[in-house]
Amino acid sequence: MRHFGHISPTAREGLFFREPRTFTADSPARMLSVALGATLYSPATRPSLADDVLKQAARGVVSMVLCLEDSIDDAEVIGAESNLIRQFAELAARDAAAGPEGRTEGTAALDPHGTTDAAGADVPLLFVRVREPAQIVDLVRRLGDSVRMLSGFVLPKFTEDRGKPFLEALAEAESECGRRLFAMPVLESPELLHLETRGEILRGIARSVEKHRDRVLALRLGVTDFCSAYGLRRAPDMTAYDVHIVASVIADVVNVLGRADGTGFTITGPVWEYFRRQERMFKPQLRRSPFLEGRAEELRTALIEHDLDGLLREIELDRANGLLGKTCIHPSHVAPVHALSVVSHEEYTDAQDILSPERGGGGVLRSAYTNKMNEVKPHRAWAERTLQRAEVFGVAREDVGFVDLLAAGLAN
C-alpha cells in the first residue's frame, strides 16, 4: 500500500516531486508509525465491515481501528466479537483470491476510467480496540488463519497499572499466532488530566511503554475523554488547543513521551468530532480533472462553510506541537489529514540542506527559498523527522499546494 495509491500514476506524477513509498504490514515499525496517517475508526458491529474496509482503502485509507469499546453498547460486545471474526475471515478470503496479481504495486486496482475499484484495494493496517486484556488472546485464537490481516490492538484508558495486563496479553497472543502484533495505547484517563496526578501517571506510562518499545507503534490521545472529565465540548470553530486544560495535557504528553532524542514515540492527533457529507458537492467538479483548474479559492470556501476550517487548523497545530497522524471518525476527514501530511518542496529542500554531509560540523545557512535561516544543529531533529514523513507521504512539486493534493485525494 501507499499514500495516494488510490489515484492514478499519471496524477501522482503531476503532484509529487518525490512520490510516497510503498509499505506493507511487515515494514519496519518506524516507517509504519509515521505512515498511519488518518486512522479511521469504525464500530465492529457493522454487518458490512469487510466491504466498508475495502471501500475506504480504495479511497486512500491506510489504517483503521475496528472498535469493540466506546463506540458500541455494552450489550453488543459478544455479537460484535462474532461479527469481527466473520469479517476478518471474509477479508482474508478476498485477499487470498485477489493475490499479488489482483492489484498494482502500492495502489488500488484502477478501472479503464482511472477510478478506484474497491475489490482490488490493498487491505489497510487493521487494529482492534478492545475493552479487556482477555479479549486480545481470545480474539487471536478465534481469528485462526485470518489473524494475518490483523496489525494489532488499541488499548483503552492506558496507564502503567491498567496497561500492564494488556501488554502481557499482547505478548501471549503474539507467541500463540507467531506474528508481530502492535499496541497503540490510548492516553485518556482522568488521572492523566488532573494536575495533582499527571506527573506520576506520565512517568508510569513512560516506564511501561519503554519496556515494550518494540511493540508500541504509536500513542493515541483521547481528547474527548479529557473534555468529558470537565463537562466540556469544543465547538466546530475551535481546536483542541483552544481548550487550555486539554492543550496543557497534550503539551505534557509530548514533553515526556514525544522527545526527539531517541526515547520518544509517535503521538497521534486527537479526533475531530464534526462532519458533513461534503463529498457530493466536491465530486462533480473534481471528477473532470485531478487538478482544480483555477478553482482553488472555491474549494477553500467550501471547506470553511462545511465545518472543516477548524479541522484544517487543528491538523496544522498538531504538527506544530509534535503530533503526527490523526484519529478520524468520518471518511471526509481522511483526505485533509493526508493532504496536509505531504512534505512541501520547501520543507524538503530545507531538510536536505540541513542534513547535507558537508554541514556535519554545524553552522547557519540561508534557505534555498531565501526566506529563512537554517541552523544546522538546532534544526537537525526537525529535518530528520521531515524526511521520515517525506518517505511515506511524499514531497509535493514546487507548484503544488494543499488544495491540489486535497482535490486529487477526493477525486475518486
Side-chain angles (χ1 to χ4, degrees), residues 24-26 29 32-33 36 39-54 56-57 61-96 122-159 162-188 208-209 212 214-220 222 268 327 329:
T24 72
D26 297 320
L32 293 182
S33 69
L36 288 167
T39 301
L40 185 63
Y41 275 55
S42 177
T45 50
R46 291 180 66 88
S48 59
L49 195 56
D51 288 333
D52 295 342
V53 166
L54 294 176
Q56 296 307 326
V61 172
V62 303
S63 64
M64 290 186 70
V65 173
L66 312 178
C67 185
L68 292 168
E69 207 224 359
D70 286 348
S71 69
I72 66 173
D73 190 271
D74 296 348
E76 297 178 303
V77 174
I78 294 176
E81 289 179 345
S82 298
N83 183 58
L84 202 62
I85 302 303
R86 289 193 300 271
Q87 302 296 333
F88 264 86
E90 175 68 17
L91 284 170
R94 293 192 194 185
D95 185 69
D122 288 311
V123 176
L125 303 171
L126 295 179
F127 302 85
V128 175
R129 178 166 169 156
V130 291
R131 294 181 172 218
E132 304 292 340
Q135 286 179 299
I136 292 176
V137 177
D138 180 60
L139 287 170
V140 165
R141 288 171 179 165
R142 293 167 65 187
L143 282 169
D145 291 341
S146 62
V147 74
R148 64 186 177 84
M149 311 305 297
L150 178 68
S151 290
F153 292 90
V154 174
L155 314 181
K157 299 172 180 60
F158 191 92
T159 63
R162 284 199 290 268
K164 182 178 179 182
F166 279 104
L167 291 168
E168 290 174 347
L170 185 65
E172 182 181 349
E174 266 193 338
S175 179
E176 288 213 10
C177 71
R179 61 174 281 108
R180 178 179 67 174
L181 294 172
F182 288 115
M184 291 202 291
V186 185
L187 310 186
E188 56 187 346
S208 181
V209 295
H212 298 268
D214 57 338
R215 289 195 181 93
V216 177
L217 187 62
L219 304 175
R220 311 199 73 89
T268 64
T327 295
I329 47 82

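Just so you know, residue 1 is the first one in the sequence shown, and it goes up from there.
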Chemist: Indicate yes or no for a side-chain donor-acceptor contact from Gln87 to the backbone of Pro47 under 3.5 Å, with no hydrogens or angles considered.
Modeler: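 Here the side-chain-to-backbone pair exists.
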
Chemist: Do Leu219 and Met184 come close enough that some side-chain heavy atom pair is under 4.5 Å?
Modeler: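 In short, these two side chains do not touch, never coming nearer than 4.5 Å.
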
Chemist: What's the spacing between Leu126 CG and Ser146 OG if we round to 0.5 Å?
Modeler: 11.0 Å

Chemist: Check whether Asn83 reaches the backbone of Ala44 with its side chain - one donor and one acceptor, N or O, closer than 3.5 Å.
Modeler: yes

Chemist: Please round to the nearest 0.5 Å and tell me the distance separating atom CG of Leu32 and atom CZ of Phe182.
Modeler: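 Here the rounded value is 5.5 Å.
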
Chemist: A side-chain contact here means heavy atoms from C-beta on lying under 4.5 Å apart; do Leu68 and Leu139 qualify?
Modeler: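 Side-chain contact under 4.5 Å: yes.
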
Chemist: Examine distances only and state if a side-chain atom of Arg180 and a backbone atom of Ala25 form a donor-acceptor pair shorter than 3.5 Å.
Modeler: yes

Chemist: Should the pair Asp26-Arg148 be classified as a salt bridge under the 4.0 Å nitrogen-to-oxygen rule?
Modeler: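 Here Asp26 does not pair with Arg148 in a salt bridge, since their nearest N and O are not under 4.0 Å apart.
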
Chemist: Restricting to non-hydrogen atoms, name the atom on Leu49 and the atom on Ser42 that form the minimum distance, rounded to 0.1 Å.
Modeler: CD1-OG, 3.6 Å

Chemist: Is the closest side-chain heavy-atom distance between Leu84 and Arg46 below 4.5 Å?
Modeler: no

Chemist: Are the side chain of Arg179 and the backbone of Glu174 linked by a donor-acceptor contact shorter than 3.5 Å?
Modeler: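 No; zero donor-acceptor contacts below 3.5 Å.
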
Chemist: Can you confirm whether Leu150 sits close enough to Phe127 that some side-chain heavy atom of one is under 4.5 Å from a side-chain heavy atom of the other?
Modeler: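 Side chain of Leu150 against side chain of Phe127, heavy atoms only: no contact under 4.5 Å found.
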
Chemist: Could you tell me whether Arg94 and Glu90 have a side-chain N and a carboxylate O separated by less than 4.0 Å?
Modeler: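 So Arg94 pairs with Glu90 through a salt bridge.
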
Chemist: Would Glu69 and Arg129 pass as an ion pair if we require N to O under 4.0 Å?
Modeler: yes

Chemist: Mind checking whether Phe88 and Leu66 have side chains closer than 4.5 Å, heavy atoms only?
Modeler: yes

Chemist: For residues Pro43 and Ile72, report the shortest heavy-atom separation together with the two atoms involved.
Modeler: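 Shortest heavy-atom separation between Pro43 and Ile72 comes out as CB-CG2, 4.0 Å.
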
Chemist: Where is the tightest heavy-atom contact between Thr268 and Ala218, given as atom of each residue plus distance?
Modeler: CG2-CB, 4.2 Å

Chemist: Would you check if the side chain of Ser48 reaches a backbone N or O of Asp51 as a donor-acceptor pair within less than 3.5 Å?
Modeler: no

Chemist: Please report the interatomic distance CD(Glu188) to OG1(Thr159), rounded to the nearest 0.5 Å.
Modeler: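 Between Glu188 CD and Thr159 OG1, I get 10.5 Å after rounding to 0.5 Å.
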
Chemist: With a 4.5 Å limit on heavy-atom distance, are the side chains of Phe166 and Pro185 in contact?
Modeler: no

Chemist: Counting heavy atoms not belonging to Arg142, are there more than 12 under 6.0 Å from its CZ?
Modeler: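 Atom CZ in Arg142 is crowded, with more than 12 foreign heavy atoms closer than 6.0 Å.
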
Chemist: Gln56 and Asp52: side-chain donor and acceptor closer than 3.5 Å?
Modeler: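 The criterion, which ignores hydrogens and geometry beyond distance, is not satisfied for Asp52 and Gln56.
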
Chemist: Nearest 0.5 Å please: distance from the CD atom of Glu172 over to the CD1 atom of Ile136.
Modeler: 10.0 Å

Chemist: Under 4.5 Å between any side-chain heavy atoms of Phe153 and Leu181, yes or no?
Modeler: yes

Chemist: Less than 4.5 Å apart, side chain to side chain, heavy atoms only: is that true for Ser208 and Lys164?
Modeler: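 SC-SC contact between Ser208 and Lys164 ruled out.
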
Chemist: Give the intermediate values and the outcome of side chain to side chain contact (heavy atoms under 4.5 Å, CB included) for residues Val61 and Met64.
Modeler: CA-CA 7 Å; Val61 172; Met64 290 186 70; 3.6 Å; yes

Chemist: Please report the shortest heavy-atom distance between Leu91 and Ala50, naming the atom on each side.
Modeler: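 Closest pair (atom of Leu91, atom of Ala50, distance): CD2-O, 3.7 Å.
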
Chemist: Which value, rounded to the nearest 0.5 Å, describes the distance between Leu187 atom CG and Arg220 atom CZ?
Modeler: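 Leu187 CG to Arg220 CZ: 10.5 Å, rounded to 0.5 Å.
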
Chemist: What do the steps show when you test Leu155 against Val186 for side chain to side chain contact (heavy atoms under 4.5 Å, CB included), and what is the final call?
Modeler: CA-CA 6 Å; Leu155 314 181; Val186 185; over 6 Å; no

Chemist: Locate the shortest heavy-atom distance separating Phe158 from Gly163; write the atom from each residue and the value.
Modeler: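 Closest heavy-atom pair between Phe158 and Gly163: CE1-CA, 3.3 Å.
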
Chemist: Checking side chain to side chain contact (heavy atoms under 4.5 Å, CB included) against Gln135, which of Val140, Val128, Val77 comes through?
Modeler: Val77

Chemist: In Å and rounded to the nearest 0.5 Å, what is the CG to OG1 distance from Leu40 to Thr327?
Modeler: 10.0 Å

Chemist: Above 12 or not: heavy atoms from other molecules or residues under 6.0 Å from CD of Glu176?
Modeler: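 Yes.
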
Chemist: For a side chain to side chain contact (heavy atoms under 4.5 Å, CB included) with Leu125, tell me which candidate from Val62, Leu217, Thr24, Leu36 qualifies.
Modeler: Leu36

